[in-house]
Amino acid sequence: MRALPALIALALAIPAPLAAQDSLPPAPYAYNQLEDPELEEQARELMLTLRCLKCQSQSIADSDAPMAGDMRHQVRTRLAAGETPDEIRTWLVERYGDYVSYEPRVTASTWPLFVIPVVLLLIAGLIIRGRLTRKVQPQEGAE
Amino acid sequence: MKRLRMFLWGLVGLSLFLFGLFAYQLSQPKDEFVESAMIGEPMPEFDLRPAVEGYPGLATADLADGKPRLLNVFASWCVPCRAEAPHLETLRDNGAEIVAIAIRDRPEDVAAFLQVYGNPFTRIGADDISEVQLAIGSSGVPETFVIDGNGVITYQHIGDIRAEHVPLILEKLREAGA
């Protein structure tokens, strides 16, 4: 029982150095939703496809990094000010490149990703057609 | 039989090629830096309040008066920022004018930081919601930008400035002044 106060003191002491990120409160719209549910829905959809720059495998909707909160604030206030989700995505891509967006675009370096599956499907279709017509012929000859 | 054998050798060749490709990619160093796409673009419009008592804040107009400058993005809570402080002083001693933006920082914390690690800055603006940081395509602290006399971003240094980076940054600053 005598160890209890010491334990409590220890538990209180630990969070302090861990919290050494920054001391400011989050931006107003980092954790607050927009009043208009329709706009908030648009904001949410957009935030899920924008990449957190600090924690690079999370979207800004998933991340608790202060910078992700500041990005959510940008998204929500810009939507509330009348910008469209596409304009906001473009604004960010102009600053950070395609890196910041999880929505793939067709560009000079990404077009093979879109073209190769189509080409493979075409080749597969041609092969299958070739096999089918070859198999049918001997059967016809056997009858 | 011969066709089957050739097909199998083909498979072996293909898998060797793939493994070679994986080995090559795995041996390449991972680049975790997100570079700003704003190099060559003018600074965005902003007007930041002073981050600390006794020094002016920072606005777009301060950056387009014909003189090239360094813009240091830092924070008192950022550990690498402490490591680069002496090298910022070297840059200042070599004639660089350095202005700064403090990210998500309280005036008393900035003051304490400057007192311990020195103050090479002429102006310090406070960016409480990373607004200007996002607008210039900076993805962390510390980062240092070269801004030419017309307020156009000409170079970005990501991460803390070490002694070996000083000559290159001075060179970039000189280029911006030409």
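Chain letters run A, B, ... following the sequence lines, proteins first, then strands; residues in each count from 1.
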Problem - Asp109(B), part contacting chain A, at a heavy-atom distance under 4.5 Å - result: side chain

Exercise for the section: Using modelled atom types only, decide if a donor and an acceptor are shared between the side chain of Arg95(A) and the backbone of Ile136(B) within a distance under 3.5 Å. Expected result: no

Take atom [atom1] in [X]; do more than 12 heavy atoms of anything else shown fall under 6.0 Å from it?
| X | atom1 | answer |
| --- | --- | --- |
| Glu164(B) | CD | yes |
| Gln28(B) | CD | yes |
| Arg92(B) | CZ | yes |
| Tyr155(B) | OH | yes |

Are [X] and [Y] joined in one hydrophobic group, where the rule is that I, L, V, M, F, W and Y side chains link up if heavy atoms are under 4.5 Å apart?
| X | Y | answer |
| --- | --- | --- |
| Val115(A) | Leu113(A) | yes |
| Leu53(A) | Ile101(B) | no |
| Phe121(B) | Val116(B) | yes |
| Val99(B) | Ile153(B) | yes |
| Tyr102(A) | Leu46(A) | no |

Inter-residue atom distance [X].[atom1] - [Y].[atom2], 0.5 Å rounding:
| X | Y | atom1 | atom2 | result |
| --- | --- | --- | --- | --- |
| Arg51(A) | Ser139(B) | CZ | OG | 11.5 Å |
| Asp22(A) | Cys78(B) | CG | SG | 11.0 Å |
| Leu134(B) | Trp91(A) | CG | CH2 | 5.5 Å |

Handout entry: Minimum heavy-atom distance between Arg106(B) and Ser23(A), given as atom pair plus value
Key =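 That would be NE-OG, 3.3 Å.
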
Problem - Test item: Asp70(A) and Glu131(B) side chains (from C-beta on) under 4.5 Å apart, heavy atoms - result: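 Asp70(A) vs Glu131(B): side chains apart.
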
Practice task
Please examine the side chains of Trp77(B) and Leu24(A), heavy atoms only from C-beta on, and report whether any two atoms are closer than 4.5 Å.
Solution key: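 No, their side chains stay 4.5 Å or more apart.
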
Exercise for the section: Sort out for me which of Met71(A), His73(A), Met67(A) touches chain B most, counting heavy-atom pairs under 4.5 Å. Expected result: Met67(A)

Problem - Residues in residues 48-68 of chain B near chain A [non-hydrogen atoms, under 4.5 Å] - result: none

Handout entry: Positions in residues 34-41 of chain B that reach chain A, provided some heavy atom is under 4.5 Å away
Key =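 The stretch touches chain A at Val34(B), Glu35(B), Ser36(B), Ala37(B), Met38(B).
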
Problem - Interchain contact, Glu94(A) with chain B, by part (heavy-atom threshold 4.5 Å) - result: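 Backbone only.
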
Exercise for the section: Check whether Tyr99(A) gets within reach of chain B through its side chain, its backbone, both or neither, counting any heavy atom under 4.5 Å. Expected result: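 Only the side chain of Tyr99(A) comes within 4.5 Å of chain B.
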
